[in-house]
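Step one of this worksheet: look at the structure below.
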There are 2 protein chains.
Amino acid sequence: MVPIRAMLAEAGVTEQQWRVMRVLHERGPSDPASIARDACLLMPSLTRILRGLEAKGLVARTPHESDRRTFWVRITEAGEALIAAHLDESNRILAELEDRYGRERLDRLLDLLEELAADSARSGGLAPREDV
Amino acid sequence: MVPIRAMLAEAGVTEQQWRVMRVLHERGPSDPASIARDACLLMPSLTRILRGLEAKGLVARTPHESDRRTFWVRITEAGEALIAAHLDESNRILAELEDRYGRERLDRLLDLLEELAADSARSGGLAPREDV
DNA sequence: CGGGTTTCGTTAACAAGTGCATGAAATCGG
DNA sequence: CCGATTTCATGCACTTGTTAACGAAACCCG
């Protein structure tokens with residue numbers, strides 16, 4: 001995913017940080033354990049990644065109402081801005097890829113990958129490493 | 001690729017080292033630059049990975065006949081043994097995956113991925129990160 | 001209630017890779 | 001022969017995966 005990685009580098013975010021941002025964008029405010037599950041990260045990694053994102057002001061944590069062991073992680077406005085900006089960029093790259101590789105095949109491929117990912121998650125087997 | 005990673009850990013090889021081993025297995029004796037290209041690694045990474053593999057006695061270097069800047073990297077007998085052993089293991093894991101996910105879909109998926117990889121290589125776009 | 005157990009996030013420490021800049025040797029071309 | 005180029009190696013900063021241990025909070029049950 002070279003081009004995507006380059007884009008992220010420019011934005012000052014690592015791949016995993018971006019992964020977490022996307023998960024948060026999809027899920028809305030979440031607790032760390034859920035994020036780790038969805039982003040296929042171990043908690044120690046997530047801790048570090050969240051620390052980084054927080055330092056950049058892209059996410060913020062708000063205390064959980066009833067459970068003081070955990071908390072909510074949510075995207076800040078700056079974070080949403082970054083998402084908006086780079087989802088565009090990401091789509092541009094995807095379009096280019098589509099151009100070269102063919103829309104129809106790409107769709108089939110992504111469908112299959114999604115099925116595989118779903119299936120693997122169910123049985124706890126594979127873990128996705130990278131996505132567009 | 002959790003199960004594969006576990007298998008490799010048991011064999012005392014990292015993912016990237018295994019990647020290099022596979023490339024060598026396919027290509028036969030090669031020079032570092034070609035390996036780096038095929039394994040999608042930068043030379044600095046490859047240098048270190050080769051150092052590791054050499055230390056484990058899985059690969060060996062033989063001097064190039066005419067160009068003393070470079071050399072040939074080849075798999076040792078121990079290396080081939082490891083490949084043989086874990087290609088079996090790998091196939092077992094693959095079979096399991098096939099079981100869960102369905103032979104036919106898996107074939108389609110791998111076909112598409114191969115096309116995509118070929119296409120990307122041609123235009124220098126994407127780089128594969130991991131494979132079964 | 002109260003003590004053991006479980007859950008949850010954090011920290012520390014180590015191994016491994018990445019990317020970049022740089023270095024050093026060998027080769028090539030004029 | 002000399003400078004440019006090629007090819008691999010190194011050092012450094014940074015990120016991540018992994019494991020183990022920890023501390024706090026919540027839960028459960030006698």
Side-chain angles (χ1 to χ4, degrees), chain A residues 1-21 29-56 58-73 126-130, chain B residues 1-21 23 29-56 58-73 127-130:
Chain A
M1 307 280 90
V2 177
I4 304 255
R5 194 140 45 196
M7 166 189 100
L8 297 177
E10 197 147 343
V13 205
T14 69
E15 280 183 28
Q16 318 296 339
Q17 286 176 341
W18 177 247
R19 193 219 276 310
V20 168
M21 289 298 285
S30 316
D31 63 290
S34 310
I35 300 174
R37 198 168 28 254
D38 279 24
C40 290
L41 291 167
L42 296 184
M43 286 299 301
S45 295
L46 182 61
T47 293
R48 280 184 304 234
I49 290 167
L50 285 182
R51 181 159 49 223
L53 289 174
E54 210 178 355
K56 291 194 233 294
L58 298 175
V59 306
R61 53 184 75 190
T62 59
H64 190 284
E65 317 77 47
S66 61
D67 190 336
R68 270 180 304 173
R69 289 171 304 180
T70 186
F71 51 88
W72 296 104
V73 183
L126 289 287
R129 289 293 299 282
E130 176 101 353
Chain B
M1 306 281 87
V2 178
I4 304 258
R5 194 140 46 195
M7 167 189 96
L8 296 178
E10 197 145 343
V13 209
T14 68
E15 281 182 29
Q16 319 297 337
Q17 287 176 341
W18 177 247
R19 193 219 276 309
V20 169
M21 289 297 285
V23 167
S30 317
D31 63 290
S34 310
I35 300 174
R37 200 169 24 256
D38 279 24
C40 290
L41 291 168
L42 297 184
M43 284 299 302
S45 297
L46 182 62
T47 292
R48 282 179 297 245
I49 291 168
L50 285 182
R51 181 158 51 221
L53 289 175
E54 211 178 355
K56 290 193 236 293
L58 298 175
V59 306
R61 53 184 75 191
T62 59
H64 190 283
E65 315 78 45
S66 60
D67 191 335
R68 269 181 304 172
R69 287 171 305 180
T70 186
F71 51 87
W72 296 104
V73 183
R129 289 294 298 283
E130 177 101 353

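In this text the structure is predicted, and so the values were computed from the model without any measurement. Here is the naming used below: chain letters follow the sequence lines, and residue numbers restart at 1 for every chain.
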Distance in angstrom units between [X] [atom1] and [N] [atom2], rounded:
X: B:Leu46; N: C:dT18; atom1: CG; atom2: P; result: 10 Å
X: A:His64; N: C:dC8; atom1: NE2; atom2: P; result: 11 Å
X: B:Ile35; N: D:dT7; atom1: CD1; atom2: P; result: 14 Å
X: B:Leu50; N: C:dA16; atom1: CG; atom2: P; result: 15 Å
X: A:Met43; N: C:dC8; atom1: CE; atom2: P; result: 9 Å
X: B:Phe71; N: C:dA25; atom1: CZ; atom2: C1'; result: 13 Å
X: A:Ile49; N: C:dT10; atom1: CD1; atom2: P; result: 12 Å
X: A:Arg19; N: D:dT16; atom1: CZ; atom2: C1'; result: 11 Å

Could you tell me the separation between the [atom1] atom of [X] and the [atom2] atom of [Y], rounded to the nearest 0.5 Å?
X: A:Met21; Y: A:Gln16; atom1: CE; atom2: CD; answer: 14.0 Å
X: A:Trp18; Y: A:Ile49; atom1: CH2; atom2: CD1; answer: 14.5 Å
X: A:Arg61; Y: A:Trp72; atom1: CZ; atom2: CH2; answer: 14.0 Å

[X] versus [Y], closest heavy-atom pair with distance:
X: B:Val59; Y: B:Leu50; answer: CG2-O, 4.3 Å
X: A:Phe71; Y: A:Thr62; answer: CB-O, 3.5 Å
X: B:Leu46; Y: B:Pro32; answer: CD2-O, 3.1 Å
X: B:Lys56; Y: B:Gly12; answer: CE-O, 3.1 Å

> Can you tell me if A:Thr70 and A:Asp67 form a side-chain donor-acceptor pair at under 3.5 Å?
Replying inline: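 No pair is found: no donor N or O on one side chain lies under 3.5 Å from an acceptor on the other.
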> For D:dT6, does OP1 or OP2 lie under 4.0 Å from any side-chain N or O of B:Thr70?
Replying inline: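 The answer is no; no side-chain N or O of B:Thr70 sits under 4.0 Å from OP1 or OP2.
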>> If the cut-off is 4.0 Å, is B:Arg51 near the phosphate of C:dA16, judged by side-chain N/O to OP1 or OP2?
In response: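 No, because none of the side-chain N or O atoms of B:Arg51 sits under 4.0 Å from OP1 or OP2 of C:dA16.
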>> Tell me if a side-chain donor or acceptor on A:Arg19 pairs with a main-chain N or O of A:Ala39 at a distance below 3.5 Å.
In response: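 Looks like yes, one N/O pair under 3.5 Å.
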>> I'd like to compare against my own output: the B/S/- annotation of nucleotides 18-23 of chain D with a strict under-4.0 Å heavy-atom distance to protein.
In response: BBB---
>> With nearest nucleotide decided by heavy atoms, which residue, A:Thr47 or B:Thr14, maps closer to the 5′ end of DNA chain C?
In response: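 Of the two residues, A:Thr47 wins.
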Might you list the N or O atoms of the protein lying below 3.5 Å from N or O atoms in nucleotides 26-30 of chain C, with each pair's distance?
unit_1	atom_1	unit_2	atom_2	d
C:dA26	O3'	B:Arg68	N	3.4
C:dT27	OP1	B:Ser66	O	2.8
C:dT27	OP1	B:Arg68	N	3.1

